[in-house]
Structure formats: structure tokens, C-alpha cells
Amino acid sequence: MVKVAKFGGSSVASAEQFKKVKNIVGLDDARRFVVVSAVGKANKEDNKVTDLLYLCYAHTKYNINFDNIFKMIEDKFIGIKEELGLNFDIEGELAKLKSEIGKGIDEEYLVSRGEYLTGLLMAEYLDYHFVDAKDLIFYNYQGEIDFPKTQKAFDKIVREYDRVLIPGFYGSLPNGEVKIMTRGGGDVSGAIIANIANAKVYENWTDVSGILMADPRIISNPHEIKVISYSELRELSYMGASVLHEEAIFPVRDKDIPIQIKNTNAPHVEGTIISDNKQIGDKQIVTGIAGKKDFSIITIKKHHMANEVGLIARTLKIFEDFNVSIEHIPSGIDSFSVVVETSNIRPFIYELVAKIKSVIKPDEINVTHDISLIATVGENMKNSKGLSGRLFKALGEAGVNIALISQTNDEINIIVGVHNSDYEKTINTIYQEFK
Ligand code: ASP
């Protein structure tokens, strides 16, 4: 059995965290492939190496001395090396990098050095074979992962080495140049490796004991979700719950590999399993609640609209022409609404409304701002009768005025729109009802 264990930045933020990683890896022989992020924040005031590297680059661009920032990076790496008594010549690597920066360096290559150097230290500490991600994770020129090429390289490596450490967050283009992923991309690297290794599970080690049912800044000590499906996670992430890089789902979903979110600081806690396998565990009716503030609702009323073919399409075309992405389109008989993020229409709101008026000739058009959307997510909702009744009753009793309701046919979520000032209250009410 093979497990891929990916450790995020906070899990490798200090020598003490490195020790925890070694302990975790040693507890299970199946953890043959380890992926690491760059040294992250050891505490709230600390800085991530990745951020510091971006900052170095910004300084060189404007010809500003970056010695102080680079020193922070050096201190972190050298501190870890010394405390763990490692031999790797990190001082030499850092000196080389510093002189490369001075001569002008590619930004993506520079930023990728965070995971590269962290990986080299961790490989020595765990006694794993280090594989540079540029020799394993291959992109094509369209910016997509070249899976056959990556698989071939992987198969060759495992014929020779049993235990391998790979830095996350980057790979290489066909011409050999380093290409980085978007922020938090180490999660994606881990998922790609889980795919090509046909792993039994992809463990994602972080600093929380799983995905929470609601935002802890709103609900104190919310329950942890035990099992969540890939689609439910996508809904919750889209609505603002941030746990895993969005793109980390696809490579593992393809092969039905569960992702397990685990806490490096509390390794015995089960954590959250992300999987579509219904056998894995019992799920609650409501899996999670998430929301986002600051939407606008544009409501268009026109008598006998139902008989006018193409009216909604023409309206949506106007939004498309303004390059505005649409969130929801709730509709009635003689009216329909378009829900968008306020920031996406703010610069040209009057032009947009004027255009709708001239093309659609509505009887009435209203725009409401300061709307929050709150999603109650759970695949089991579709099998449970009376659930929306409970939800709306609870909100009614709490005195929350609902401006909009949206539910898709797959019934994986119910979205309510409320005034921004009711955002916290709405989440709290739904949580208390379904926790
Ligand atoms: N180090 C990168 C970042 O801070 C990637 C990662 O941590 O996954 O975004």
C-alpha cells in the first residue's frame, strides 16, 4: 500500500515541526512519497519563505537592496539545519542563489527555491531520496500537466528508489524552464503524485484538525466534518471556505483516491476525509455552511415576459459584453434577477443599467447592493424531506429577511441571499439548526 503525504508550510516551519514530520512519516511504512511546501510561518508574526522570495524579486526589479529580506530567509534555513544537525550545504546553496538574484533571475525559478531548499533539508533529515520537481512534474505549453511524461519519469524513479521526497509547487515546461503553480499549489503537486503513484490515500498534513462545518471566526468551535464529497468541497470552497487548493481535487478524483486532511500538531485526530465513496463513513444531512459578502441583485420586471422568447438570453449577453461573471439567476413569471459580485459591476453600474433599459425595455429595474450569499451544503439534503422548511423557519424565527433563494436540481446546496448585516446571524442560525 502506498500513501502520499504532503506537508504544508506551517508543518515545516521550524526544526520542531521537522521533528513532527519525521515522527509522522515513521509511524506508517506506507508513507513512501513525501511532498513539502516551503518553510512557512512558525507563528502569527512570522513570514513565509515564499512571500519573502516574492519580496526579494520585487526589490531587484526596482533596484532596491534586498539584503535584509534575504537574511531572513537564510536565518530560517540555516537555523533548521543547525538545530537538526544536518550536513547539507545550505549556506553554499543560499550564497549561490543570492548571487543569481543579483545578476537578474527568473521570478518563477526564484520563488520555487523555497520548496526546493526545504525539500533538500527534509530529504536528508528523513533519509528519503530527493527528486527535483522539475524532473518529475511536467507541463505542456498549454500550462497543463503532461501526465504520460510525468508517469514515465515517476516509474523510472520508483524502479530505483523506494522512498522519495519531492518539493511541491512547481514543475517544468518542455524547454526545461521552471513553472510554478498558483499560491498553495503544493496541494496540487501532492495530488498529482498521488495519482501517478496510484496511492491508497493522499494525506494532506496541515495545521488544523480537518475541515470545519462553518467559519470559526463566526461560530466558536464548530464541528469538524468527518467525510465530505469532492462536489461538496467544491461548493464550500467556492463560497469561501479555504482548506485545500481548488485544483487539488481533480487528479485524485479521477482515480477515486481519498484525500485525508490531517493535523501535523495532532496526528492522532482522524481529520476529514474527502471522498465520493459512500462506504467511508456516515455523513450528516448538512455537511457545511459557507458564505460570501458583497453581492448585488439586479431585478428586471416585465409584464408578459414569460411569452417573450430570448429576453433572458439578451440580458445575459449584456452582462457578457461587460465581462461580468454571473452567480445566480433566480426567476419568476414576470421577473427575473441576476446576482453578481458587486466589485465586478461597480466601475460601470450606471452604463450597465442604462444598456439593459435600452435593450430590454423592462417595466421596472431594481438594483440591491450589500447582499451576502450563504450556502448550506450537503448531498444528503435531497433525501431528507422538510429540510428547506426547517431552514427557512429557523431563519424566520431569527428575524432574518431573505432576499433570494436559489437551489439547483441536484439539491447539493441551498443558497440564501440576505443583507450583509445579517451575514453572521444567518450562518449562526443555520449552524445551530443543523449541527
Ligand atoms: N509555498 C507556496 C505558497 O506559499 C505553495 C504552497 O505552500 O503550497 O503558496
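In each ligand, atom 1 is the first atom listed, and ligand 1 is the first ligand listed. Computation of the quantities below employed the complete heavy-atom set of this structure, encompassing side-chain atoms and omitting hydrogens, waters and symmetry-equivalent molecules.
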Report task. Answer yes or no: does atom NZ of Lys98 have more than 12 heavy-atom neighbours from other residues, nucleotides or ligands under 6.0 Å? Result -> yes
**Report entry** Greater than 12 external heavy atoms within 6.0 Å of Asp321's CG
**Finding:** yes
Query raised in the report: Could a heavy atom of His245 be found less than 4.0 Å from some atom of ligand 1?
Result: no
Query raised in the report: Under 4.5 Å between any side-chain heavy atoms of Asp187 and Lys6, yes or no?
Result: yes
Query raised in the report: When you check the gap from the basic side-chain N to the acidic O, do Arg113 and Glu93 get nearer than 4.0 Å?
Result: no
Query raised in the report: Looking only at heavy atoms of Gly185, does any of them come nearer than 4.0 Å to an atom of ligand 1?
Result: yes
Query - Sub-3.5 Å N/O-N/O distance, Glu115 and ligand 1 - result: yes
Requested in this report: Please write down residue, atom name and distance for the protein heavy atom closest to atom 7 (O) of ligand 1.
Outcome: Ser37 OG, 3.1 Å
Report task. May I ask you to identify the nearest protein heavy atom to atom 4 (O) of ligand 1, giving residue, atom name and distance to one decimal place in Å? Result -> Arg183 NH2, 2.9 Å
Query raised in the report: To which protein heavy atom is atom 2 (C) of ligand 1 closest, and what is the distance rounded to 0.1 Å?
Result: Thr50 OG1, 3.6 Å
Query raised in the report: For Gly184, is the nearest heavy atom under 4.0 Å from an atom of ligand 1?
Result: yes
Query - Geometric N/O contact Phe169 with ligand 1, under 3.5 angstrom - result: no
Query raised in the report: Is there side-chain contact between Gln284 and Met213, with heavy atoms separated by less than 4.5 Å?
Result: yes
Query raised in the report: How about Glu100: does its CD atom have over 12 heavy atoms from other parts shown lying under 6.0 Å from it?
Result: yes
Requested in this report: Could you tell me the residue and atom name of the protein heavy atom closest to atom 8 (O) of ligand 1, and the distance to it rounded to 0.1 Å?
Outcome: Gly186 N, 2.9 Å
Query raised in the report: Are Lys41 and Asp207 within salt-bridge range, i.e. N to O under 4.0 Å?
Result: no
Query raised in the report: Side chain or backbone of Met181 under 4.0 Å from ligand 1, or both, or neither, by non-hydrogen atoms?
Result: neither
